[in-house]
Each structure stands twice: as C-alpha cells, then as structure tokens.
Student: 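I have a structure here, written as structure tokens, and I will follow up with some questions on it.
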Amino acid sequence: MEKKKQNLLPAIIVIVIMILLIGAYVVGTYMVSRPDADEICEGVYIDKVNVSGMTKEAAQEAVEKHVGKLAGRSLKVDVNGEVVTATLADIGYTCEIGNVITQAIQVGKEGNMFSNYAEIKKVSAEKKVFPLQFSYSEKKLNHFVKNKCGKKCTNAKNARIKMKNGELTYTEAKQGVSIDVDTTVEAIKTALQEQEEEQTVVVQAEVIVQEPKVTKDLAMRCKDKIGTFTTSFNAGNVSRSRNVSNAARLINATVLYPGETFSVHDAISPLTEENGYYAAPSYSNGQVVDSIGGGVCQVSTTLYNAVLRAELEIVERSPHSMVVSYVKPSMDAAIAGDYKDFKFRNNTKVPLYIQGGTYSGNVFFTIYGEETRASDRTVTFESEVIETIEPGQDKITYDKTKPASYSQVTQEAHTGYKAVLWKIVKENGETEKTQVNSSTYKAEPRYITKGAAAATPKPTATPKADKKDKDKDNEKKNSRKTPKPAATKAPAATAKPAVTPEATGVPVTEPQGGE
C-alpha cells in the first residue's frame, strides 16, 4: 500500500506542475492579449467596421464615417423609363449610433480573468458584430416619390379641337401615367434592405397608365352648329365695346368636355384693367353708374341665348335688376360679383366647341357639337310680359351750389316688369310649349337734380311818416272797433313732375361688384 502511494506521488506532482504551467500560460497569454482599458479587443466589428484595437474616440470617428458613406449612396428610381436620382441622405437615411461603441469596449472586460480570456479568444477567432439600426424619414421618402418622381409622370391628353381658317381641326389624344406612391415607397424600403452592399440602390417605380377621356374619334364628332345667337351694341361707346370684345375673346375657343360645367364668371374674371377691361355704364342699386367691365353681361346674355338654342342644360341664370335693351325681358343673363353667374353643363356625349367674337357692333356665339335632333324639329323662344310696374314720381335732389333755374335729368325712368320665357318646340306635326324661366325687373323713377341757391334781397329804406299819416294813425288808435282781417286765398297746388318713359339708349349691364 505504501509502495502504491509512492508510485502516485510523481504523477500528482506532474499534474500540479502542468496546472501551474497552464495557469501561467493562460495568465501570460491573457496579459499579452488583454486590451487596454480604453481599447477594443481584436475581432470586434460595428456593422461592417473593424474596430479592433481602437479607442472609443477612434471607433466613433470610424463608425460615423461608415454611416455617412452609406447615407451618401445613390438611389435611382426608374419612372416609366425615366430615372430620378437622389442620395439616401435626401430621404433622411441615417443611423443612431447610441451606446454601441461602449458595448464594444466592454468585450472581454466584464468577467474574471479566465472568462475574459475565453471571451477574447472566442471573439478573436469568430468575430463579434454589433449591428447598426438604419432608418429613414417617412415624410421625406413620401415627398421624394410624390413630388420628384411624380414629375416624371405625364397626364393623359385629350384630343384637342381648334378652329383654323373657319374649319374645326382635331389633334391626337395621348396616354398618361401617374405614380402609385404607396407601392413605390414600399419598393424603396425593400430595396434598402436587400441592396445594403450596393453602392447604388435601384428601384422600379409602380406607375398607373391613364387613358384619355376624349379620343380623336370622339372629338371629331363635334362638327355641327347646334346653337347660335347675335346681339347688337353701340360701337360708339368705345369703353363698353372694348369690354364686350374682351369678354367674348376670353370665352372664344373654349372646349367643354362631356359632363363639364362652364361658368362665364370664371372664364372672364377678373374684371380689372390688367385683364383688359375699362370703366363703362352698368347697373348698381337701381342706378346706372360707371364700373370696370360694364357691358360684359351682354356677352353672357348672348351666350345664354346660343345655349338655349343648342338645348343644353342650364345650371344657373339670373336676370338683371332692370331691363336691358339688347334682348327682350327674360332673355337676359346677368353677371354680378360672386352671386350672379351664368353656367351651363355639357349634357351631351361629345365635346362642345364655343366660338365667339365681335364684328361691326355685334357680338355673337356659335356652339358646335353633334346634331342628334330630328331634321324637322324647330325651336323658338317667346318673351311674355305678365305685369308692368310704373316707375312712380320723379326723385328730385336739390343742389345748393346751382341756381334756382338749374334742372338736370341725371337718369331716365325705368319701367319694371314681370316676365316669363317660353320655349316652343315643333316636331312631328306637334307643338309643345314649356316655360324656361321667370324674371322680375325693378321699376326706377326718373332722377332730377335742381338748383336751390336763394337770391339775397337788397335792404329797403324805411320812408318817413308825414303829417296826414300821423293824423290817420291817431284816428285808428282812438277807434274802439277793431277791423276784421281780410280773407287770404289758399296757395295754388304744385303740379307733380311728369314721369318720362323708360330710357332705351346705351345698353347697360350688372356691375362686377354687385347691385
């Protein structure tokens, strides 16, 4: 037994020595491989940056450089064959480094000597990677797709209708494309993840093909005159004539597609000197005054009558406050501020073309479309006055700066009316009469300005009483009986001023500013 123990002693000694040697080796190796307190051990990466042996400051600089390089990569989006380029920084692509560098420094330093040594050896052999979390701005990404990429899209172009040398001509229609913003944004997000290694991120945008609403074949069906009307104006009133011509010019060549509504107010506004208008007579609060754009209502009225004859859908129409001379009652259409407008809708299946203009003291409008009405159909319109309203007594204004003999008519009287407009259709040997509208026009008296300056009388000297006069005065004083005063005649009644009939001179219209 004793001999057996003696045989094991050398083995135990060897084991102890080996352990000591291994421990010494580990300690020595650890002491050699252990990084300094402020350095990162070998095999540590932050994303794709090898930060081995770096201090915190050096690692911070290296990682920031790496992030900046990634954000500076290109993003190319193909929009229907056209490429839109940006950097990832343009869409807010960035990374919050946070405390990842602190974590990297702590590798191999948080346990005891043996565990730290084991971790250092493992990291050195297998690498330890701290990933970075990249992000982008949803707002900037959507703005990039919607605005920059969207600019490469083209709207569908309808076939156009033009008047050339008195003939209608037609252009070809074109397809358009619009970008699907949501789908394209998701495609970019996916590409950013899948193409991390690429210097340029390439994405195909999702586009939607837009077909034109009006093809050339449909546009060519607009070829027939379906409604026309002309009114006359005093070409000698230069300012008013210019207004009529300018408003007609702004409406001329309008193409109204099926289902669209046309507004005269929108087409000819603003009524300003910059837009080609002048001051001319118009109605305002029952009086005729000069306003910028006076006369444009004759344009809307002329178009209204052309639309009636084309039998299109009337959306909005208002009468003037007082009757006008260029059409019969209820045949007018006033424009005033934003509360009176003439609107109509293209309720046909083809585009409409509006031709308008002035010539030799006339303003005209012709509407082209597709004639689908029967050849024996005739349409006429009849104005009927159902009530006449007399103007009443003159309105007199006295001017103290004028002599008593002064008298000036500042506005003629206007008779008021209530009227209706009838549409009479004859077709297949039958006649149908329907009411189109009803209108009320105010009566306005004649306005007269008279002088009211009073003459100043000269002072009269009082005559001296003679002796006979004194005797008579004494007799009157002594008289007990008081004589009765003589009867005085009543003053004669003043005759009422005569009412003049309605003026039928220069045509006038509603003011833009309102009544």
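Residue numbers run from 1 in the order of the sequence given. None of these values were measured; they are calculated from a predicted model.
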Student: Do N246 and R249 get their side chains close enough for a donor-acceptor pair, meaning under 3.5 Å?
Tutor: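 Yes.
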
Student: Which heavy atom in A333 sits nearest to a heavy atom in T301, and how many Å separate them?
Tutor: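 Answer, listing the atom of A333 first, then T301: N-OG1, 2.9 Å.
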
Student: How far apart are the closest heavy atoms of L168 and M163, and which atoms are they?
Tutor: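 In this case the closest contact between L168 and M163 is CD2-CE, 3.5 Å.
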
Student: Strictly distance-based, threshold 3.5 Å: is any side-chain N or O of K340 a donor or acceptor partner for the main-chain N or O of P319?
Tutor: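 Yes: the side chain of K340 pairs with the backbone of P319.
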
Student: Going from NE2 on H320 to OG on S300, what distance comes out if it is rounded to the nearest 0.5 angstrom?
Tutor: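 It comes to 6.0 Å.
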
Student: Is a donor on one side and an acceptor on the other found under 3.5 Å between the side chain of N252 and the backbone of A248?
Tutor: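 Looks like no, no N/O pair under 3.5 Å.
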
Student: Any sub-3.5 Å donor-acceptor pair from D224's side-chain atoms to I226's backbone N or O?
Tutor: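 It does not hold such a pair.
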
Student: Given 3.5 Å as the limit, does a donor-acceptor pair link the side chain of S245 with the main chain of S241, or not?
Tutor: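 No.
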
Student: Please check if atom NZ in K223 has more than 12 non-hydrogen atoms from other residues, nucleotides or ligands closer than 6.0 Å.
Tutor: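 Counting neighbours around NZ of K223, more than 12 heavy atoms of other residues, nucleotides or ligands fall under 6.0 Å, so yes.
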
Student: Keeping the roles fixed (side chain from Y353, backbone from T366), state whether a donor-acceptor pair exists under 3.5 Å.
Tutor: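 No, Y353 side chain to T366 backbone: no donor-acceptor pair under 3.5 Å.
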
Student: Let me confirm one number: the CD-CG distance from E370 to L352, rounded to the nearest 0.5 Å.
Tutor: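 Separation between the atoms: 10.5 Å.
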
Student: Show, in sequence, the C-alpha distance, side-chain angles and deciding distance for E371 and R373, and conclude whether the salt bridge (charged side-chain N to carboxylate O under 4.0 Å, His left out) test is met.
Tutor: CA-CA 6 Å; E371 184 58 81; R373 296 170 290 190; 2.8 Å; yes

Student: Between K189 and E186, does any side-chain N to carboxylate O distance fall below 4.0 Å?
Tutor: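 The answer is yes: the pair qualifies as a salt bridge.
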
Student: Would you check if the side chain of N362 reaches a backbone N or O of T230 as a donor-acceptor pair within less than 3.5 Å?
Tutor: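 Absent.
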
Student: Looking at E273, I want to see if its CD is surrounded by more than 12 non-hydrogen atoms of other residues, nucleotides or ligands under 6.0 Å.
Tutor: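 Counting neighbours around CD of E273, 12 or fewer heavy atoms of other residues, nucleotides or ligands fall under 6.0 Å, so no.
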
Student: Give, for atom CD1 of I101 and atom CD of Q103, the distance between the pair rounded to the nearest 0.5 Å.
Tutor: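 The CD atom of Q103 is 10.5 Å from CD1 of I101, to the nearest 0.5 Å.
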
Student: For I161 and Y368: C-alpha separation, side-chain torsions, deciding distance, then whether side-chain contact (heavy atoms from CB on, under 4.5 Å) applies.
Tutor: CA-CA 10 Å; I161 305 171; Y368 291 83; over 6 Å; no

Student: Using only atom types and a distance under 3.5 Å, with no angle test, would you say the side chain of D341 pairs donor to acceptor with the backbone of S263?
Tutor: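 No, the answer is negative, given that no donor and acceptor are paired below the 3.5 Å cut-off.
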
Student: Considering all heavy atoms of both residues, which atom of C41 and which atom of V123 are nearest to each other, and what is their separation?
Tutor: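 Taking C41 first and V123 second, the nearest heavy atoms are SG-CG1, 4.3 Å.
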
Student: Atom SG of C149 and atom CD of E206: how far apart are they, to the nearest 0.5 Å?
Tutor: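 The CD atom of E206 is 13.0 Å from SG of C149, to the nearest 0.5 Å.
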
Student: Would you please name every residue forming a salt bridge (Lys or Arg N to Asp or Glu O under 4.0 Å) with K423, sequence neighbours left out?
Tutor: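 Partners of K423 under the salt bridge (Lys or Arg N to Asp or Glu O under 4.0 Å) test: E311.
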
Student: Can you tell me if T254 uses its side chain to pair, donor with acceptor, with the backbone of I354 under 3.5 Å?
Tutor: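 Not at all, since once roles are kept as given, no pair shorter than 3.5 Å links the two residues.
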
Student: Between the side chain of S124 and the main-chain N/O of I120, is any donor-acceptor distance below 3.5 Å?
Tutor: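 No; judged by distance alone, with no hydrogens or angles, the pair does not exist.
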
Student: Using a 3.5 Å distance criterion without hydrogens, assess whether the side chain of N346 forms a donor-acceptor pair with backbone atoms of L256.
Tutor: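 Present.
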
Student: Report the distance from atom CD1 of I367 to atom CG of L303, rounding to the nearest 0.5 Å.
Tutor: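 Nearest 0.5 Å value for the CD1-CG distance: 5.5 Å.
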
Student: Suppose we call two aromatic rings close when their centres sit under 6.0 Å apart. Are F262 and F344 close by that rule?
Tutor: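 Ring-ring flag for F262/F344: true, centres closer than 6.0 Å.
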
Student: May I have all residue pairs that pass ring pair (Phe, Tyr, Trp, His ring centres under 6.0 Å) and include part of residues 294-317, sequence neighbours excluded?
Tutor: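 Ring pair (Phe, Tyr, Trp, His ring centres under 6.0 Å) check on residues 294-317 returns Y304-F342.
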
Student: Output side-chain donor-acceptor pairs under 3.5 Å for residues 70-81, partner residues at least two apart or in another chain, one line each.
Tutor:
{"unit_1": "R73", "atom_1": "NE", "unit_2": "L70", "atom_2": "O", "d": "3.1"}
{"unit_1": "R73", "atom_1": "NH1", "unit_2": "Q195", "atom_2": "O", "d": "3.1"}
{"unit_1": "R73", "atom_1": "NH1", "unit_2": "E196", "atom_2": "O", "d": "3.1"}
{"unit_1": "R73", "atom_1": "NH1", "unit_2": "E198", "atom_2": "O", "d": "2.8"}
{"unit_1": "D78", "atom_1": "OD1", "unit_2": "G81", "atom_2": "N", "d": "2.8"}

Student: Can you find a pair of side-chain heavy atoms, one from L421 and one from F381, that are under 4.5 Å apart?
Tutor: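 Side-chain contact under 4.5 Å: yes.
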
Student: Let me have the donor-acceptor pairs involving side chains of residues 61-68, under 3.5 Å, with sequence neighbours excluded, atom names and distances please.
Tutor:
{"unit_1": "E64", "atom_1": "OE2", "unit_2": "Q60", "atom_2": "NE2", "d": "2.9"}
{"unit_1": "H66", "atom_1": "NE2", "unit_2": "D47", "atom_2": "OD2", "d": "2.6"}

Student: Within 45° of the ring axis of Y45 and under 6.0 Å from its six-membered ring centre, is that where the NZ or CZ of K48 lies?
Tutor: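 No, K48 does not sit over the ring of Y45.
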
Student: Looking at side-chain heavy atoms only, is the closest gap between D180 and D182 below 4.5 Å?
Tutor: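 Counting from C-beta outward, D180 and D182 do come under 4.5 Å.
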
Student: Step by step, would you call T228 with R309 a side-chain contact (heavy atoms from CB on, under 4.5 Å)?
Tutor: CA-CA 7 Å; T228 187; R309 283 151 182 78; over 6 Å; no

Student: Assess whether atom NZ of K216 is packed by more than 12 heavy atoms of other residues, nucleotides or ligands within 6.0 Å.
Tutor: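 More than 12 heavy atoms, drawn from other residues, nucleotides or ligands, come within 6.0 Å of this atom.
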
Student: Just wondering, do I91 and L192 contact through their side chains at under 4.5 Å, heavy atoms?
Tutor: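 Contact flag for L192/I91 side chains = yes.
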
Student: How far apart are the C-alpha atoms of Y326 and F233, what are their side-chain angles, what is the distance that settles it, and do they pass the side-chain contact (heavy atoms from CB on, under 4.5 Å) test?
Tutor: CA-CA 7 Å; Y326 42 83; F233 59 88; over 6 Å; no

Student: Apply side-chain contact (heavy atoms from CB on, under 4.5 Å) to residues L308 and I314 and explain how you reach the verdict.
Tutor: CA-CA 8 Å; L308 287 176; I314 306 298; 4.3 Å; yes

Student: Just so I know, are the side chains of T94 and S135 near enough to count as touching, which here means a heavy-atom distance under 4.5 Å?
Tutor: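 The answer is yes, as the side chains (C-beta and beyond) meet within the 4.5 Å cut-off.
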
Student: Mind listing the closest non-hydrogen atom pair of V323 and P329 along with its distance?
Tutor: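 So the minimum-distance heavy-atom pair works out to CG1-CG, 4.5 Å.
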
Student: What pair of heavy atoms forms the shortest contact from C222 to Y170, and how long is it?
Tutor: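 Shortest heavy-atom separation between C222 and Y170 comes out as O-OH, 2.7 Å.
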
Student: Taking all heavy atoms of I268 and all of L271, pick out the closest pair and write down the distance.
Tutor: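 Heavy atoms of I268 and L271 come nearest at O-CD2, 3.9 Å.
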
Student: Which atom pairs, donor and acceptor, lie under 3.5 Å between side-chain atoms of residues 171-178 and protein residues at least two apart or in another chain?
Tutor:
{"unit_1": "T171", "atom_1": "OG1", "unit_2": "R160", "atom_2": "N", "d": "2.8"}
{"unit_1": "Q175", "atom_1": "NE2", "unit_2": "E211", "atom_2": "OE1", "d": "3.3"}
{"unit_1": "Q175", "atom_1": "NE2", "unit_2": "E211", "atom_2": "OE2", "d": "2.5"}

Student: If you look only at pairs with a residue in residues 313-330, which of them pass as a salt bridge (charged side-chain N to carboxylate O under 4.0 Å, His left out), with sequence neighbours excluded?
Tutor: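 Every pair satisfying salt bridge (charged side-chain N to carboxylate O under 4.0 Å, His left out) with a residue in residues 313-330: E313-R345, E316-K343, R317-D332.
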
